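The structure appears right after this line, and notes come after that.
Hydrogens, waters and symmetry mates are skipped; everything else that's a heavy atom, side chains included, is used. The structure displayed is predicted, hence computed values, not measured ones. All ligand and atom numbering here is 1-based and tracks the order in the structure.
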Amino acid sequence: MQSIVEETSEQALFRQTVRRFVEDELRPRAREFDAAGRIDKRLFQKMGDLGMLGLRYSPEYGGAGLDWSYTAVMYEELGRADNAGVTMGISVHTDMATPSLAEFGSESLKQRFLVPAIAGEQVSAIAVTEPDAGSDVAGIKTRAVRDGDEWVINGSKIYITNAATADWLCLLAVTDPDAGHGGFSQIIVPTDSPGFRYELLDKIGNWGSDTGQLFFDDVRVPIDHTIGEIGRGFHQQMMQFQDERLVGCVSSLSGSEHLWEETRRWTEERVLFGKPLAKMQNTQFKMVELWTRITAAKALVRACVDQRVAARDATDLITMAKLFCGRVSRQVADECIQLHGGYGYMKESMAGRAFVDSRLISIGGGSDETMLHYMARQLGF
Ligand SMILES: Cc1cc2nc3c(=O)[nH]c(=O)nc-3n(C[C@H](O)[C@H](O)[C@H](O)COP(=O)(O)OP(=O)(O)OC[C@H]3O[C@@H](n4cnc5c(N)ncnc54)[C@H](O)[C@@H]3O)c2cc1C
């Protein structure tokens, strides 16, 4: 495995901790998680105890105060857990639903929601997508109306990861329909609030995670559950998406590399026409092509991580990396399933699962077309 980061001895030590967690707690139970169709909440408690849930967050709130390179190390290892759904559920909690709270949340909000999230006592989810608005984030309709010291929330969200597991949601809602991009706010909604309910959805892949539709029927939360300023939610969510996308790049790429290694092993063992599949030129050429793509994607992701470590804006690079990693993951899965023949089509094979799991990367967290649309504008088209 070629690491995305140039590793220091501290990072190597941290990698060992994550690897042990993956080997002891995740990989042996990977198929059990698939069958359950939802993430085991106790995993968060264990990860909290190991200090894995707040790597970049301030020690004041229980975090480790480390830079982005440690997040990269962690997701390189979690990407090899043999269960993309579980890795996704964990990453939603660590890097998709909590960054805004850590960056913009009030002191009391951080004490009430970030501290237990980092400790693994509470699980979070990010609720942006709606039945009638996904790529068009500004088209969401879920409405929070002020009533004294409370928001009254009505609407629905769809395809939400950790729907059944989450203790609270980082919700993006419309708070002023006449204010354009300034009319949205991020609000923390505890999932035990009266008027909230969810229904689980049946996915074609990523079986180890619970994905659902959320319903808000006059859900009341205090106004001080707003993350940052009222009306800044759209901008804050756009910033939060950057961590989401980069974590997705790291874990998907690492999963692709893991699949490549497994496929190599398979082609060395599988004998056809009197010789191992790996000795056929077609196999070697395909494997080299895939390795080249993985290596190129890693270079791009490394550049993103370096920018994040240096606290520079990496939006353009992350956008291109999200697009590229999604495509590389799909190509790797497609070629690897082919090299496995019929076994690749079995649910138990890593290639078969990767084939459906990797399809999500070009859709979730902003689709390929959303990345293309953004970059076309950046390039002046
Ligand atoms: C398993 C899973 C987990 C998810 N988890 C979460 C979660 O935790 N929280 C959350 O908020 N959301 C989540 N999502 C939702 C995900 O982010 C959205 O599905 C995604 O943003 C796309 O939105 P959409 O599904 O509404 O598709 P649409 O926006 O309806 O897109 C339909 C098609 O139009 C294309 N398109 C988009 N923009 C353009 C354009 N400018 N030009 C041309 N074509 C375009 C799209 O790429 C796509 O091909 C999850 C989705 C899945 C499947």
Report task. Please name all residues satisfying salt bridge (Lys or Arg N to Asp or Glu O under 4.0 Å) with Arg293, sequence neighbours left out, ordered by chain then number. Result -> Glu289
Report summary line: Here the gap from Asp34 atom CG to Asn206 atom CG, rounded to the nearest 0.5 Å, amounts to 9.0 Å
Report task. Grab the two heavy atoms, one from Val92 and one from Ala125, that are nearest each other, plus how far apart they are. Result -> CG1-CA, 3.9 Å
Report summary line: Sorted by chain and residue number, the salt bridge (Lys or Arg N to Asp or Glu O under 4.0 Å) partners of Glu7 (sequence neighbours excluded) come out as Arg15
Ligand 1 N/O to protein N/O, distances under 3.5 Å:
{"unit_1": "ligand 1", "atom_1": "5 (N)", "unit_2": "Tyr159", "atom_2": "O", "d": "2.7"}
{"unit_1": "ligand 1", "atom_1": "5 (N)", "unit_2": "Thr161", "atom_2": "OG1", "d": "2.8"}
{"unit_1": "ligand 1", "atom_1": "8 (O)", "unit_2": "Thr161", "atom_2": "N", "d": "3.0"}
{"unit_1": "ligand 1", "atom_1": "8 (O)", "unit_2": "Thr161", "atom_2": "OG1", "d": "3.3"}
{"unit_1": "ligand 1", "atom_1": "9 (N)", "unit_2": "Ile126", "atom_2": "O", "d": "2.8"}
{"unit_1": "ligand 1", "atom_1": "11 (O)", "unit_2": "Val128", "atom_2": "N", "d": "2.9"}
{"unit_1": "ligand 1", "atom_1": "11 (O)", "unit_2": "Thr129", "atom_2": "N", "d": "2.9"}
{"unit_1": "ligand 1", "atom_1": "11 (O)", "unit_2": "Thr129", "atom_2": "OG1", "d": "3.2"}
{"unit_1": "ligand 1", "atom_1": "12 (N)", "unit_2": "Thr129", "atom_2": "OG1", "d": "2.7"}
{"unit_1": "ligand 1", "atom_1": "14 (N)", "unit_2": "Tyr159", "atom_2": "O", "d": "3.2"}
{"unit_1": "ligand 1", "atom_1": "17 (O)", "unit_2": "Gly365", "atom_2": "N", "d": "3.3"}
{"unit_1": "ligand 1", "atom_1": "23 (O)", "unit_2": "Ser135", "atom_2": "N", "d": "3.4"}
{"unit_1": "ligand 1", "atom_1": "26 (O)", "unit_2": "Gly134", "atom_2": "N", "d": "3.4"}
{"unit_1": "ligand 1", "atom_1": "29 (O)", "unit_2": "Ser135", "atom_2": "N", "d": "2.9"}
{"unit_1": "ligand 1", "atom_1": "29 (O)", "unit_2": "Ser135", "atom_2": "OG", "d": "2.6"}
{"unit_1": "ligand 1", "atom_1": "47 (O)", "unit_2": "Ser367", "atom_2": "OG", "d": "2.7"}
{"unit_1": "ligand 1", "atom_1": "47 (O)", "unit_2": "Glu369", "atom_2": "OE1", "d": "2.5"}

**Report entry** Which residues share a salt bridge (Lys or Arg N to Asp or Glu O under 4.0 Å) with Asp224, sequence neighbours left out
**Finding:** Arg112
Query raised in the report: Parallel, tilted or perpendicular for His225 and Phe113, by the 30°/60° rule?
Result: perpendicular
